[in-house]
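Lettering follows sequence order; numbering is per chain, from 1.
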There are 2 protein chains.
Amino acid sequence: MKQVAVKNIEEKGLRWTPQRQAIISAIANSEKKHLSAEEIYLLTKKTMPSIGLATVYRTLELFCAMGILQKLNLQDAARYELLQKEENAHCHYLCLGCGKIFEVPLQEELPLPSTKNDESLEDFTVVNSSCWHFGYCRNCKLRKENKT
Amino acid sequence: MKQVAVKNIEEKGLRWTPQRQAIISAIANSEKKHLSAEEIYLLTKKTMPSIGLATVYRTLELFCAMGILQKLNLQDAARYELLQKEENAHCHYLCLGCGKIFEVPLQEELPLPSTKNDESLEDFTVVNSSCWHFGYCRNCKLRKENKT
DNA sequence: GTCGCTGCAAAGCTTTTGCAAATCA
DNA sequence: TGATTTGCAAAAGCTTTGCAGCGAC
């Protein structure tokens with residue numbers, strides 16, 4: 001993972017700096033997925049207290065452009081997650097009750113939509129996907145029922 | 001559509017005001033989908049010049065809570081679209097080249113993910129879905145090839 | 001009168017940008 | 001040396017909030 005990043009970065013005349021390493025390490029070692037820029041900033045600060053928030057933002061943007069991270073625009077703020085080959089297509093289930101996010105890989109290729117009506121779509125190359133389902137998890141439904 | 005909204009609103013002790021009517025009309029009559037709050041504000045200003053931006057934001061939030069609108073968190077800003085029964089599940093294809101959004105209804109129910117590994121998901125009730133595919137449309141791919 | 005709604009202005013947040021210093025090739 | 005990168009501070013942009021006045025019931 002890191003090796004690939006280093007190679008990609010250096011091929012483009014960019015540098016693999018301690019900051020970039022610290023940021024990707026913080027993300028990779030975090031148990032939590034879907035980290036916000038602020039969270040990544042705080043995590044990275046643990047190993048590199050001098051790092052600036054702007055650097056984090058610039059690095060996250062770079063990593064997204066390189067395909068290392070995927071940016072998710074959520075309600076409160078953007079969140080980032082490691083993007084690996086096998087994870088290219090997966091679904092997110094966000095519980096509106098507790099805010100928990102469940103993640104489910106899609107084993108097979110994306111469902112083919114009907115492209116009859118829209119010519120231009122017939123030749124659309126999908127680079128990346130993000131599917132979100134909003135609803136309520138079992139715990140929250142049970143909690144709801146008990147209240148009523 | 002409007003009738004349903006009025007009924008829902010008044011049932012909850014809320015009011016169906018000229019502003020709310022103007023906003024929903026602006027959205028419904030717009031050819032463009034996926035309008036930003038700013039765009040909705042400007043559209044509504046045409047029929048009601050005195051309206052304030054804060055009112056638009058508050059109304060959009062209300063309509064989302066009522067299930068009349070769906071909020072889409074995109075890169076630049078949040079966007080809103082009418083949420084109708086038949087449209088409950090649909091895919092968005094966003095071209096990273098030109099930013100155009102193609103929309104494709106999913107005829108059949110959502111693809112069933114593998115829920116083996118995650119117990120809590122087995123009993124997840126989906127209220128609403130939003131699927132996004134990012135990539136390049138034909139025009140942008142052609143433009144790219146011509147450049148190289 | 002009460003309660004909800006509105007418009008304005010100010011504040012709050014996340015994110016971006018400018019710039020001089022630092023760092024690496 | 002020349003290019004990229006960084007940290008700080010300031011700015012920008014979207015969205016929310018406080019509040020006094022208005023309007024509906």
Short question: side chain of A/S25, backbone of A/Q21 - any donor-acceptor pair under 3.5 Å?
yes
Between the side chain of A/R20 and the main-chain N/O of A/T59, is any donor-acceptor distance below 3.5 Å?
no
Take the protein atom [atom1] of [X] and the nucleotide atom [atom2] of [N], then report the distance between them rounded to whole Å.
{"X": "B/W16", "N": "D/dC25", "atom1": "CH2", "atom2": "P", "answer": "14 Å"}
{"X": "A/I23", "N": "D/dT5", "atom1": "CD1", "atom2": "P", "answer": "12 Å"}
{"X": "B/L72", "N": "D/dT15", "atom1": "CG", "atom2": "C1'", "answer": "17 Å"}
{"X": "A/L60", "N": "D/dT6", "atom1": "CG", "atom2": "P", "answer": "12 Å"}
{"X": "B/I51", "N": "D/dC22", "atom1": "CD1", "atom2": "P", "answer": "18 Å"}
{"X": "B/I40", "N": "D/dT15", "atom1": "CD1", "atom2": "C1'", "answer": "14 Å"}
{"X": "A/E61", "N": "D/dT5", "atom1": "CD", "atom2": "C1'", "answer": "14 Å"}

Validation row: A/L82, A/I24 side chains within 4.5 angstrom (heavy atoms):
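Of all side-chain heavy-atom pairs linking A/I24 with A/L82, at least one is under 4.5 Å.
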Can you confirm whether B/I23 sits close enough to B/Y41 that some side-chain heavy atom of one is under 4.5 Å from a side-chain heavy atom of the other?
no
Atom pairs under 3.5 Å, N or O on each side, protein against nucleotides 12-15 of chain C: can you list them with distances?
residue: C/dT15; atom: OP1; partner: A/A78; partner atom: N; Å: 3.0
residue: C/dT15; atom: OP2; partner: A/Y57; partner atom: OH; Å: 2.5
residue: C/dT15; atom: O5'; partner: A/Y57; partner atom: OH; Å: 3.3

Is there a side-chain contact between A/Q19 and the phosphate of D/dG7, meaning an N or O under 4.0 Å from OP1 or OP2?
yes
Return no unless some side-chain N or O of B/T17 is found under 4.0 Å from OP1 or OP2 of C/dT6.
yes
Can you name the residues that form a side chain to side chain donor-acceptor pair (under 3.5 Å) with B/R79, not counting sequence neighbours?
B/E39, B/D76
What side-chain donor-acceptor pairs closer than 3.5 Å can you find for residues 46-56 of chain B, not counting sequence neighbours?
residue: B/T47; atom: OG1; partner: B/T44; partner atom: O; Å: 3.2

Check: protein-nucleotides 1-4 of chain D nitrogen or oxygen pairs below 3.5 Å:
residue: D/dA3; atom: N3; partner: A/R15; partner atom: NH2; Å: 3.3
residue: D/dT4; atom: O2; partner: A/R15; partner atom: NH1; Å: 3.1

State whether the distance check finds a donor on one side and an acceptor on the other, under 3.5 Å, for side chain A/R58 versus base D/dG7.
yes
Name all pairs fulfilling the salt bridge (Lys or Arg N to Asp or Glu O under 4.0 Å) condition that reach into residues 58-75 of chain B, sequence neighbours left out, sorted by first residue then second.
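Sorted result for residues 58-75 of chain B: empty, none.
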Let me see the working for A/I27 and A/L60 under side-chain contact (heavy atoms from CB on, under 4.5 Å), right down to the final yes or no.
CA-CA 10 Å; A/I27 298 171; A/L60 292 176; 4.0 Å; yes
Stepwise, does the side-chain contact (heavy atoms from CB on, under 4.5 Å) test hold for A/N73 with B/L72?
CA-CA 9 Å; A/N73 295 294; B/L72 309 167; over 6 Å; no
